[in-house]
Structures are given as C-alpha cells and as structure tokens.
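Structure first, commentary second.
All residue numbers refer to positions in the sequence shown, counting from 1. Worth saying up front: this structure is predicted, and the values here are computed from it rather than measured.
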Amino acid sequence: MNIRKLTVAVLVITVLGFFLLGMKAYQQRVQQSQAQKVEQALAEARSAPADPARAADNRLVRFHSPTVGPARAPVTLVEFFDPACETCRAFHPIVKDILARYPDNVRLVIRYAPFHAGADEVVKLLEAARRQNLYLPVLESVLAAQPQWANHGRPDIALAFRAAEQAGLDMARARLDAASDAVAAALRQDIEDLTALEVTRTPTFFVNGRQLPSFGESQLRALVADEVARSRR
C-alpha cells in the first residue's frame with residue numbers, strides 16, 4: 001500500500017514538474033513574441049515619423065489617438081489606459097508631472113484598453129469630449145469621480161456621465177458623438193492593437209517603444225529620463 005502511494009506521489013510530482021516547465025516555456029515565448037512586435041512597431045515609427053501612411057501602420061501610435069505635448073517631441077510615452085482602472089488613476093498625476101518636467105521633450109499618447117466592465121462606454125464619452133475640445137477637463141473629472149462610478153461588478157456609468165457634464169460637456173451632443181461610427185472604429189483599432197501587442201494589464205507604458213518592465217513610479221521616471229538623455233546626445 002505504501003509503495004502504491006509512493007508511486008502515485010512520484011507520478012503527481014513528475015506531472016506537476018512538466019506542467020510548470022511548460023508554463024515557463026510558454027511565458028518566455030509570449031514575452032519574446034511581444035518584444036519582437038514592439039521592436040517592429042518602433043522600427044516602423046522611426047523609419048518614417050512624418051509619413052502618415054507609414055505611421056498609421058504603427059501598433060503603438062495611431063493618428064486617432066489622443067496626444068498631449070509637442071507632436072515633434074523626441075520621446076513618446078504611450079499609455080494603454082482604462083478609465084475604470086484604479087492603477088491608471090493613481091499613475092495619472094505621475095504622468096502629468098513627467099510631462100511638466102519635460103515640456104519640450106515628451107509627448108503622451110493615450111491608447112484605450114477597456115478591460116473593466118463599462119469602461120468602453122466611458123472611452124466613447126472621452127472621445128466625444130475631444131470633439132468639444134474638452135478632453136483633458138473631462139478626463140480629470142471622470143478620474144476624480146472614478147471611486148463612485150467604477151464598481152467593477154456593477155459600474156454606474158450615469159455617474160461618469162454626470163462627472164463629464166460637470167466639466168462642461170454638452171451631453172446631448174456628446175451622446176450623439178459617442179455613438180458615432182468613427183468613435184466605434186477608433187475603439188476597435190485600439191483593442192486590435194493591444195491584442196496584437198499582447199497588452200494584458202493597465203496601465204501598460206511604452207517609452208520610445210521600450211516597455212516598462214514592471215509597475216512603479218521610479219521605474220517609469222527612470223525610463224523616461226533615460227530616453228530624454230539619449231535624445232539630447
């Protein structure tokens with residue numbers, strides 16, 4: 001009986017060992033694949049940065065993407081962002097401070113990653129705000145109200161819309177714009193790109209194509225500072 005139990009235990013341990021090795025190999029393949037895709041995107045961006053036809057093929061930056069900062073800034077900070085994500089909200093003042101620290105050197109490109117329930121509706125609202133030149137005020141207001149509306153089980157999107165209205169948004173016009181084909185197409189493109197780049201969490205940052213290896217304010221600041229320093233050489 002003891003021999004039988006020992007045999008079963010050895011078999012279980014062996015199977016578990018092979019499973020763990022397989023998972024590790026899979027993760028390494030995914031990371032390598034992502035790195036290759038990012039390198040390809042970066043190469044496309046650098047090969048013709050002023051050519052709209054080429055830049056439109058870049059998985060990291062699209063012409064429909066909201067941007068903050070000089071268009072010709074040597075450092076591009078891409079953030080895959082979910083308006084319902086608490087960590088995105090926490091990083092928002094950090095990103096703002098980075099832009100203020102390097103006003104001539106860094107531009108922010110926002111890409112949408114609506115992973116949480118209801119986030120896609122808020123993304124459409126933000127895009128509608130762009131059409132009224134109120135993107136940043138509405139973004140600030142929506143993020144400030146996030147703890148009230150972004151319940152991940154049952155988000156209260158009406159509260160997000162109320163926050164946008166308090167920022168001065170014409171809601172009647174915004175609802176029409178949010179439902180437009182152009183906004184839907186932009187959101188589909190962002191989802192397609194984040195899938196191709198294997199972005200699985202928010203916020204995910206790329207600085208001149210280099211992905212932030214882990215969450216952390218110091219890591220993000222160091223990566224941006226390094227790229228700024230490179231651009232000045």
Side-chain angles (χ1 to χ4, degrees), residues 37-83 88 91-114 123-143 167-169 177-178 180 182-194 196-197 199 202-212 220-233:
K37 289 171 182 175
V38 171
E39 281 297 323
Q40 181 180 357
L42 182 58
E44 290 173 356
R46 286 177 173 169
S47 65
D51 183 350
R54 293 297 303 277
D57 293 330
N58 186 357
R59 290 289 189 186
L60 287 176
V61 179
R62 296 284 179 177
F63 271 88
H64 67 256
S65 303
T67 62
V68 181
R72 294 286 182 177
V75 178
T76 297
L77 171 60
V78 177
E79 178 183 2
F80 281 88
F81 166 84
D82 183 335
C88 291
F91 266 87
H92 183 63
I94 298 169
V95 171
K96 286 173 60 179
D97 184 66
I98 289 172
L99 293 175
R101 187 178 296 269
Y102 306 107
D104 300 321
N105 302 97
V106 179
R107 69 164 176 158
L108 170 67
V109 177
I110 297 177
R111 306 299 307 275
Y112 298 120
V123 164
K124 293 175 182 178
L125 179 66
L126 290 171
E127 284 299 294
R130 287 179 70 191
R131 286 154 175 76
Q132 297 183 36
N133 295 318
L134 287 172
Y135 185 83
L136 290 180
V138 170
L139 176 62
E140 295 281 349
S141 186
V142 165
L143 286 179
L169 196 64
D177 288 337
S180 69
V183 168
L187 181 55
R188 282 197 303 271
Q189 184 65 70
D190 279 15
I191 293 172
E192 178 184 324
D193 288 339
L194 73 87
L197 291 169
V199 171
T202 53
T204 290
F205 293 101
F206 294 86
V207 183
N208 278 359
R210 298 167 63 189
Q211 185 176 1
L212 185 69
L220 178 58
R221 290 185 183 277
L223 190 55
V224 171
D226 183 56
E227 285 299 322
V228 170
R230 289 188 184 195
S231 72
R232 291 172 174 171
R233 290 171 190 163

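If you take CZ on Arg188 and CG on Asp193, they are separated by 13.0 Å, rounding to the nearest 0.5 Å. A distance of 7.5 Å separates CD1 in Ile94 from CZ in Phe205, rounded to the nearest 0.5 Å. One finds the CG atom of Leu126 at 12.5 Å from the NZ atom of Lys124 (value rounded to the nearest 0.5 Å). The CG atom of Asp190 sits 7.5 Å away from the CG atom of Leu194 when rounded to the nearest 0.5 Å. Atom-to-atom distance recorded for Asn105:CG and Leu99:CG is 11.0 Å, nearest 0.5 angstrom. Here His64 contributes atom NE2 and Arg111 contributes atom CZ; the two are 5.0 Å apart, rounded to the nearest 0.5 Å.
At least one side-chain heavy atom of Val95 sits under 4.5 Å from a side-chain heavy atom of Leu108. Thr76 has its side chain within reach of Val61: a pair of non-hydrogen atoms, C-beta onward, lies under 4.5 Å apart. Proximity of Glu79 to Thr204: side-chain heavy atoms (C-beta onward) are nowhere separated by under 4.5 Å. Considering only heavy atoms from C-beta on, Leu139 comes within 4.5 Å of Phe81 through its side chain. Glu227 has its side chain out of reach of Leu77: every pair of non-hydrogen atoms, C-beta onward, lies at least 4.5 Å apart. Put simply, the side chain of Leu223 does not reach to within 4.5 Å of the side chain of Phe206, judged on heavy atoms. Side chains of Pro66 and Val109 form no contact here, defined as non-hydrogen atoms less than 4.5 Å apart. Here the side chains of Val68 and Arg107 are not in contact, with every heavy-atom distance at 4.5 Å or above.
For CZ of Arg101, the number of neighbouring non-hydrogen atoms (other residues, nucleotides, ligands) closer than 6.0 Å is 12 at most.
Taking each heavy atom of Val75 and Ser231 in turn, the nearest pair found is CG2-OG, 4.4 Å. Smallest separation of non-hydrogen atoms from Arg59 and Leu197: O-CD1, 3.7 Å. Summarising the geometry of Ala167 relative to Leu134, their closest heavy-atom pair is O-CD2, 4.3 Å, with the distance given to 0.1 Å. The heavy-atom pair separating Gly209 from Leu60 by the smallest distance is CA-CD1, 3.8 Å. Nearest heavy-atom pair, Val183 versus Asp177, reported as atom, atom and distance to 0.1 Å: CG2-O, 3.3 Å. Across every non-hydrogen atom of Ile110 and Ser65, the tightest pair is O-CB, 3.7 Å.
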Check against side chain to side chain contact (heavy atoms under 4.5 Å, CB included), Val138 and Gln132: CA-CA 10 Å; Val138 170; Gln132 297 183 36; over 6 Å; no

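The pair Asp97-Arg221 meets the salt-bridge criterion, with a side-chain N (NZ, NE, NH1 or NH2) lying under 4.0 Å from an Asp/Glu carboxylate O.
The closest donor-acceptor contact from the side chain of Arg131 to the backbone of Glu127 lies under 3.5 Å.
Here Tyr112 and Phe80 keep their ring centres 6.0 angstrom or further from each other.
Under the 3.5 Å distance criterion, with hydrogens and angles disregarded, a donor-acceptor pair is assigned to the side chains of Glu140 and His92.
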